[in-house]
Colleague: 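Dumping the structure here so I can ask a few things about it.
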Amino acid sequence: MTDRQILLKVLLRQRHWQTYSTFCKEYDKAAKKVDSSLQGGWPSRAQLHRWLTGELKGLPYSDHCRVLEAMFPGKTADELFSTNGVEVAAPRTEPETVRSAGPEPQVCVGPQLADVSAVFSSRAAFSSAYPASTLFDSAKEISAAGLSLNIICQSYPDHQLKRLLDSGTRIRCLFLDPKGEAIRAREAEERYTDGTLTTLTALNISMLTRLRDRLDPESAQRLELHVYDETIRFNILLVDRGLCVVQPYLPQARGVDSPTLVITDNTAADGLFPVFDQVFTSMWERSRPV
């Protein structure tokens, strides 16, 4: 059995261009050859998803078609958005065998993993595999939402943050409001009686505000600090529109003990990256600046 797919989706996978950030880079390279004024005119993440899932009626705008044809020489836009002759093998169904009584084991196969590239049992295990320097040293855009954001404030030196900001990196930090009700509720849930989370969060915010005060005006604008006062559900870290790290906040457990998902954006698949990207954006829009 076979499943039909849009040719463009198949070609992106073959070239390993399926992440949104990589697609945009390749789109820009082709746009420069066609007409330099088309650089930066790549489709939005939602548009690209519609292109690859067959939701598009007709063809994209002519400028998009010109660039796509340059990205894939020898293919017309009509061919790129066609499913004719594009078949992908569907998973084989194994013949049933006699099984013993009891619950069936659930086997997680590749497609079910979506765009999750790694899973860790705790934040400590994640941090060992992904040190802050590995995540941030070459980053051009960092967005973080959670409680105290220790990965930025405690695990990465001020002088390195300053270097990033001076070189053009945009950093957005969304803290749980140390003066709000939600952080006190979280402290009660984690059984802190001395304001530990409130004090740590306020300290981390003050560290970044002091850093921002030492920056030149242009660099200072790139460091955005916001707070929110809502029931905390996730710690979310987004780096360069391509990497997402997510931790749920478990009942009566410290954040460091939470399982951690590493998600690599794969626009050609139905994944979790756009879900948590939207969660961050929605929280940011409801927050207030510091």
Side-chain angles (χ1 to χ4, degrees), residues 1-93 108-118 138-141 143 238-246 261-282:
M1 294 177 62
T2 57
D3 292 329
R4 292 188 176 275
Q5 293 187 358
I6 300 294
L7 177 59
L8 176 60
K9 180 176 182 176
V10 175
L11 294 177
L12 289 176
R13 280 180 171 170
Q14 288 177 350
R15 289 162 174 75
H16 305 293
W17 295 351
Q18 64 265 41
T19 67
Y20 183 66
S21 56
T22 301
F23 173 85
C24 291
K25 291 176 183 176
E26 297 301 328
Y27 184 101
D28 254 3
K29 290 179 184 177
K32 185 177 181 180
K33 298 175 183 177
V34 174
D35 182 343
S36 59
S37 67
L38 299 178
Q39 288 182 274
W42 54 75
S44 68
R45 189 187 300 275
Q47 279 179 299
L48 182 57
H49 181 74
R50 287 195 294 271
W51 288 6
L52 301 180
T53 54
E55 297 176 18
L56 187 68
K57 305 298 183 183
L59 294 176
Y61 292 128
S62 58
D63 285 341
H64 284 316
C65 291
R66 293 166 61 199
V67 175
L68 289 172
E69 289 175 353
M71 288 176 68
F72 303 99
K75 300 294 183 184
T76 66
D78 285 313
E79 290 173 328
L80 290 173
F81 287 93
S82 171
T83 59
N84 292 335
V86 182
E87 297 182 340
V88 178
R92 294 179 58 186
T93 303
C108 186
V109 296
Q112 292 177 319
L113 294 175
D115 49 3
V116 176
S117 56
S138 302
K140 296 301 180 185
E141 184 176 326
S143 299
L238 299 159
V239 181
D240 288 341
R241 298 183 300 172
L243 179 70
C244 177
V245 181
V246 178
L261 306 181
V262 180
I263 301 166
T264 304
D265 183 26
N266 181 355
T267 312
D270 292 327
L272 297 179
F273 190 97
V275 173
F276 289 105
D277 186 32
Q278 178 56 38
V279 170
F280 177 88
T281 299
S282 178

Colleague: Step by step, would you call Ile6 with Thr53 a side chain to side chain contact (heavy atoms under 4.5 Å, CB included)?
Modeller: CA-CA 7 Å; Ile6 300 294; Thr53 54; over 6 Å; no
Colleague: Verify, without hydrogens or angle tests, whether Gln14 (side chain) and Leu11 (backbone) share a donor-acceptor contact under 3.5 angstrom.
Modeller: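 Answer holds: no.
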Colleague: If the threshold is 4.0 Å, N to carboxylate O, is there a salt bridge linking Lys25 and Asp28?
Modeller: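 No, Lys25 and Asp28 are not salt-bridged.
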Colleague: So which atom in Tyr20 and which in Pro43 form the shortest heavy-atom distance, rounded to 0.1 Å?
Modeller: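 Taking every non-hydrogen atom into account, OH-O, 2.7 Å.
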Colleague: So how far is it from Leu12 CG to Arg15 CZ, rounded to the nearest 0.5 Å?
Modeller: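 Going from CG on Leu12 over to CZ on Arg15, the span is 8.0 Å.
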Colleague: If you round to the nearest 0.5 Å, how far is NE2 of His49 from OG of Ser44?
Modeller: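 Reported value, rounded in 0.5 Å steps: 11.0 Å.
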Colleague: Decide whether Asp78 and Thr76 meet the rule of one side-chain donor and one side-chain acceptor closer than 3.5 Å.
Modeller: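 Looking only at side-chain atoms, Thr76 and Asp78 do not form any donor-acceptor pair under 3.5 Å.
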Colleague: Is the shortest side-chain heavy-atom distance between Leu243 and Ile263 below 4.5 Å?
Modeller: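 No, their side chains stay 4.5 Å or more apart.
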Colleague: Any sub-3.5 Å donor-acceptor pair from Ser117's side-chain atoms to Val262's backbone N or O?
Modeller: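 Side chain of Ser117 to backbone of Val262: a pair is present.
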Colleague: Any chance you could measure Asp265, atom CG, to Ser21, atom OG, to the nearest 0.5 Å?
Modeller: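 Taking CG in Asp265 and OG in Ser21, the distance rounds to 6.5 Å.
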Colleague: Of all heavy-atom pairs between Leu56 and Phe81, which one has the smallest distance, and what is that distance?
Modeller: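 In terms of heavy atoms, the two residues are closest at CD2-CE2, 4.0 Å.
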Colleague: Given side chain to side chain contact (heavy atoms under 4.5 Å, CB included), test Arg66 with Asp35 step by step and report yes or no.
Modeller: CA-CA 9 Å; Arg66 293 166 61 199; Asp35 182 343; 4.1 Å; yes
Colleague: Does a side-chain N-to-carboxylate-O contact under 4.0 Å join Arg45 and Asp277?
Modeller: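 Salt bridge flag = yes for Asp277 with Arg45.
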Colleague: Check whether any side-chain heavy atom of Leu38 lies under 4.5 Å from a side-chain heavy atom of Tyr27, and answer yes or no.
Modeller: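 A side-chain contact is absent here, since even the closest heavy-atom pair is not under 4.5 Å.
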Colleague: If you define the side chain from C-beta out and look only at heavy atoms, does anything of Gln18 sit under 4.5 Å from Lys9?
Modeller: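 With C-beta onward as the side chain, the pair stays apart.
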Colleague: Compute the centroid of each ring, for Phe72 and then for Trp17, and state whether the two points are separated by less than 6.0 Å.
Modeller: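 Close enough - the centres of the two rings lie under 6.0 Å apart.
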Colleague: What are the two closest non-hydrogen atoms of Gly242 and Phe273, and how far apart are they?
Modeller: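 Heavy atoms only, the tightest pair is C-CE1, 3.6 Å.
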Colleague: Quick check, are the ring centers of Trp42 and Phe23 under 6.0 angstrom apart?
Modeller: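 No; Phe23 has its ring centre 6.0 Å or more from that of Trp42.
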Colleague: Can you tell if the side chain of Leu68 reaches within under 4.5 Å of the side chain of Met71, non-hydrogen atoms only?
Modeller: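 SC-SC contact between Leu68 and Met71 confirmed.
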Colleague: Does the side chain of Val245 reach to within under 4.5 Å of the side chain of Leu261, using non-hydrogen atoms?
Modeller: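 A side-chain contact is absent here, since even the closest heavy-atom pair is not under 4.5 Å.
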Colleague: For the pair Leu7 and Ser82, evaluate side chain to side chain contact (heavy atoms under 4.5 Å, CB included) and give the outcome as yes or no after the intermediate values.
Modeller: CA-CA 6 Å; Leu7 177 59; Ser82 171; 5.8 Å; no
Colleague: Of all the heavy-atom pairs spanning Val67 and Val34, show the shortest one and how long it is.
Modeller: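 Closest approach of Val67 to Val34: CA-CG2, 4.4 Å.
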Colleague: Tell me whether Glu69 contacts the main-chain N or O of Ala77 through its side chain, where contact means a donor paired with an acceptor under 3.5 Å.
Modeller: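 Such a contact is found between Glu69 side chain and Ala77 backbone.
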Colleague: Between OG1 of Thr19 and CG of Asp240, what distance do you get to the nearest 0.5 Å?
Modeller: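 With rounding to 0.5 Å, OG1 (Thr19) is 11.0 Å from CG (Asp240).
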Colleague: What heavy-atom pair brings Pro60 and Cys65 nearest, and what distance separates the two atoms?
Modeller: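 Taking Pro60 first and Cys65 second, the nearest heavy atoms are O-SG, 3.5 Å.
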Colleague: Evaluate the ring planes of His64 and Tyr61, with Trp represented by its six-membered ring, and classify them as parallel (under 30°), tilted (30 to 60°) or perpendicular (over 60°).
Modeller: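 It falls in the parallel class, under 30°.
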Colleague: Check the pair Leu80 / Trp51 against side chain to side chain contact (heavy atoms under 4.5 Å, CB included), numbers first and verdict last.
Modeller: CA-CA 10 Å; Leu80 290 173; Trp51 288 6; over 6 Å; no
